[in-house]
Undergrad: 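I have a structure here, written as structure tokens, and I will follow up with some questions on it.
All values derive from a computational prediction rather than experimental measurement. Both counts, for ligands and for their atoms, begin at 1 and track the order of listing.
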Amino acid sequence: MLHSDSANTPAIEDMIEAFPLPTLVISGAGTLACMNAAAEVRFGKRALGRHLTTSLRHPKLVDAVELSLLDRAPRKVSFQVVENGNDVFYDVHLRAIAGTPLLILSFQNATEVVLAEQMRSDFVANVSHELRTPLTSLMGFIETLQGPARNDANARDRFLTIMSGEAERMNRLVGDLQSLSGVEAGEHVRPKTIIDVRDILQTMLSNIAPLAQDSGVALRCDLGEIPMQVTGDSDQLIQVFTNLVENAIKYGGGGDQAVQISVSVETHDPVLRGPAVAISVSDHGPGIDPIHLPRLTERFYRVDSHRSRQIGGTGLGLSIVKHILNRHRGRLKVDSQLGEGSQFTVILPSA
Ligand code: ADP
């Protein structure tokens, strides 16, 4: 859309119409001369012919446009605005069109890139923090064993037991980080093998039986008689159910409370929009306050960090579950009330 007073080169209008990014042309007088369809969506047709300050409200951007109108130098401005209550980050490129008084501006929404970078640096900070705690403890004990406790056989045995626990914690964390990165790397490759969920659960149950026994938790499992086929990666699905049942034992076990594993077929899952297999793991533990539920599958998110660390949690188990289920086009549903236990349900499309 070209504003008749401000530019006399319809060719520019055709050119910018081919750009997918919102693109504006500013006249030498600082008015909005023309814009492509993508810019029209963002700024509205009424901005045409008006001075740039009425539509480009960000002071950084207005300053850059005014400078480029004067010195004709190309510029890039990055700024942040709030749109519909969300932070949005823009990179705007400014360039003078040679032989004309015009200035061309293209708007790139850089929000995803900025947020990905923020997530990456948060992740590195979290991993460093998680590793630092056991490492500091190990270093402290090594120093003590080299110094004051050098000849104290009792202290040495006690400290070595603690050190071995700390080293195991680091080992678990590194193992979970490797699983997570492996799962993320293959998340876009759909599994191809048709498997029966009941076979997966049988394998998981025999792997986890020793932990359940040591923790004094009974596992009740009703697998039914009907085959329940899904297209999946056996090892990854075993990991999903192992993580969920391990959590049920760790957080929900205690006393003589049992953990119940149930399987059912759904003729139509409203979210997956098709037939599905639902596998639920229920415990009678303390439950989870609903305010935590939306964030539960974030990496390193824990309801009670102290308790999680105390029982050997890495804070990555449910995040691994989420990524594996994404790869399987499945979903995780969590139902929990404080004081009433928790139910984690995995829903997978039927094969
Ligand atoms: P963690 O290694 O800390 O167990 P997860 O990602 O497996 O990490 O779980 C994240 C958090 O979710 C846990 O720290 C715990 O607070 C909560 N949680 C998971 N499963 C249960 C459960 N069955 N009952 C109560 N809280 C749970």
Side-chain angles (χ1 to χ4, degrees), residues 119 122-123 126-127 129-134 165-166 168-184 187 201 204-205 207-208 211-212 214-221 236-262 278-326 330-347:
M119 261 176 71
D122 285 354
F123 182 61
N126 277 327
V127 171
H129 175 76
E130 295 290 334
L131 284 172
R132 181 161 289 282
T133 315
E166 295 297 328
E168 264 171 37
R169 173 198 298 283
M170 289 171 79
N171 195 32
R172 266 196 310 274
L173 179 63
V174 173
D176 276 0
L177 285 169
Q178 275 178 331
S179 289
L180 189 60
S181 91
V183 172
E184 277 182 328
E187 197 169 325
L201 292 171
M204 178 276 294
L205 284 170
N207 292 347
I208 215 155
L211 174 75
D214 288 350
S215 314
V217 175
L219 296 181
R220 299 222 178 90
C221 190
Q236 287 191 343
L237 290 180
I238 290 171
Q239 184 163 18
V240 163
F241 298 116
T242 306
N243 289 3
L244 295 180
V245 175
E246 233 177 60
N247 278 352
I249 295 172
K250 281 191 311 192
Y251 300 103
D256 50 3
Q257 301 285 27
V259 167
Q260 172 79 39
I261 298 139
S262 315
I279 307 99
S280 63
V281 178
S282 316
D283 63 60
H284 300 279
I288 305 163
D289 190 320
I291 58 160
H292 296 291
L293 296 185
R295 299 195 58 194
L296 221 52
T297 57
E298 280 177 24
R299 300 162 183 176
F300 298 116
Y301 189 84
R302 293 148 157 140
V303 175
D304 178 345
S305 305
H306 179 70
R307 174 151 164 72
S308 157
R309 290 204 179 90
Q310 210 179 22
I311 52 184
T314 61
L316 293 175
L318 291 180
S319 178
I320 294 172
V321 166
K322 178 182 74 180
H323 285 284
I324 294 178
L325 294 183
N326 283 349
R331 65 187 183 102
L332 178 70
K333 194 165 145 265
V334 187
D335 298 293
S336 189
Q337 289 288 333
L338 271 180
E340 290 183 21
S342 312
Q343 184 175 56
F344 287 74
T345 308
V346 169
I347 302 167

Undergrad: Salt bridge between K322 and E184, side-chain N to carboxylate O under 4.0 Å?
TA: no
Undergrad: Is H292 touching ligand 1 with its side chain, its backbone, both, or neither, if touching means heavy atoms under 4.0 Å apart?
TA: neither
Undergrad: Using heavy-atom distances only, which candidate in L338, D289, L318 approaches atom 5 (P) of ligand 1 most closely?
TA: L318
Undergrad: Identify the protein heavy atom lying closest to atom 3 (O) of ligand 1, giving its residue, its atom name and the separation to 0.1 Å.
TA: S308 OG, 2.6 Å
Undergrad: Nearest protein heavy-atom contact for atom 12 (O) of ligand 1: which residue, which atom, what distance?
TA: L296 CD1, 3.5 Å
Undergrad: Hey, can you pull the donor-acceptor pairs under 3.5 Å for the side chains in residues 309-317, sequence neighbours left out?
TA:
| unit_1 | atom_1 | unit_2 | atom_2 | d |
| --- | --- | --- | --- | --- |
| R309 | NH2 | E130 | OE2 | 3.0 |
| T314 | OG1 | D176 | OD2 | 2.6 |
| T314 | OG1 | L316 | N | 3.2 |

Undergrad: Nearest 0.5 angstrom please: L201 CG to L237 CG, how far?
TA: 9.0 Å
Undergrad: Under 4.0 Å from any heavy atom of V303, which atoms of ligand 1 are there?
TA: 16 (O)
Undergrad: Checking a contact table here: which protein heavy atom is nearest atom 23 (N) of ligand 1, and how many Å away?
TA: D283 OD2, 2.8 Å
Undergrad: Nearest heavy atom to atom 14 (O) of ligand 1: which of Y251, F344, F300 does it belong to?
TA: Y251
Undergrad: With heavy atoms of R302 as the reference, note each atom of ligand 1 found under 4.0 Å away.
TA: 3 (O), 14 (O)
Undergrad: Do S336 and S342 have side-chain N/O donor and acceptor atoms under 3.5 Å apart?
TA: yes
Undergrad: Does R307 qualify as a cation-pi partner of Y251, given the criterion of NZ or CZ under 6.0 Å from the six-membered ring centre and within 45 degrees of its axis?
TA: no
Undergrad: Please work out which of I288, V281, N247 has its closest non-hydrogen atom nearest to atom 26 (N) of ligand 1.
TA: I288
Undergrad: Give me the residue, atom name and distance of the protein heavy atom closest to atom 10 (C) of ligand 1.
TA: Y301 O, 3.4 Å
Undergrad: Of the non-hydrogen atoms in I208 and E246, which two are nearest, and what is the gap between them?
TA: CD1-N, 3.8 Å
Undergrad: Partners of D122 by side-chain contact (heavy atoms from CB on, under 4.5 Å), sequence neighbours excluded?
TA: none
Undergrad: Do the side chains of I261 and V245 get nearer than 4.5 Å, heavy atoms only?
TA: yes
Undergrad: For ligand 1, is there an atom lying under 4.0 Å from some heavy atom of S342?
TA: yes
Undergrad: Judged on heavy-atom distance to atom 8 (O) of ligand 1, which of S305, G315, S282, G313 sits nearest?
TA: G315
Undergrad: Applying a 4.0 Å heavy-atom criterion (strictly less than), which segment of N243 is in contact with ligand 1: side chain, backbone, both, or neither?
TA: neither
Undergrad: So that I can tick it off, tell me whether R302 and D304 are bridged by a salt bridge, with the cut-off set at under 4.0 angstrom between side-chain N and carboxylate O.
TA: no
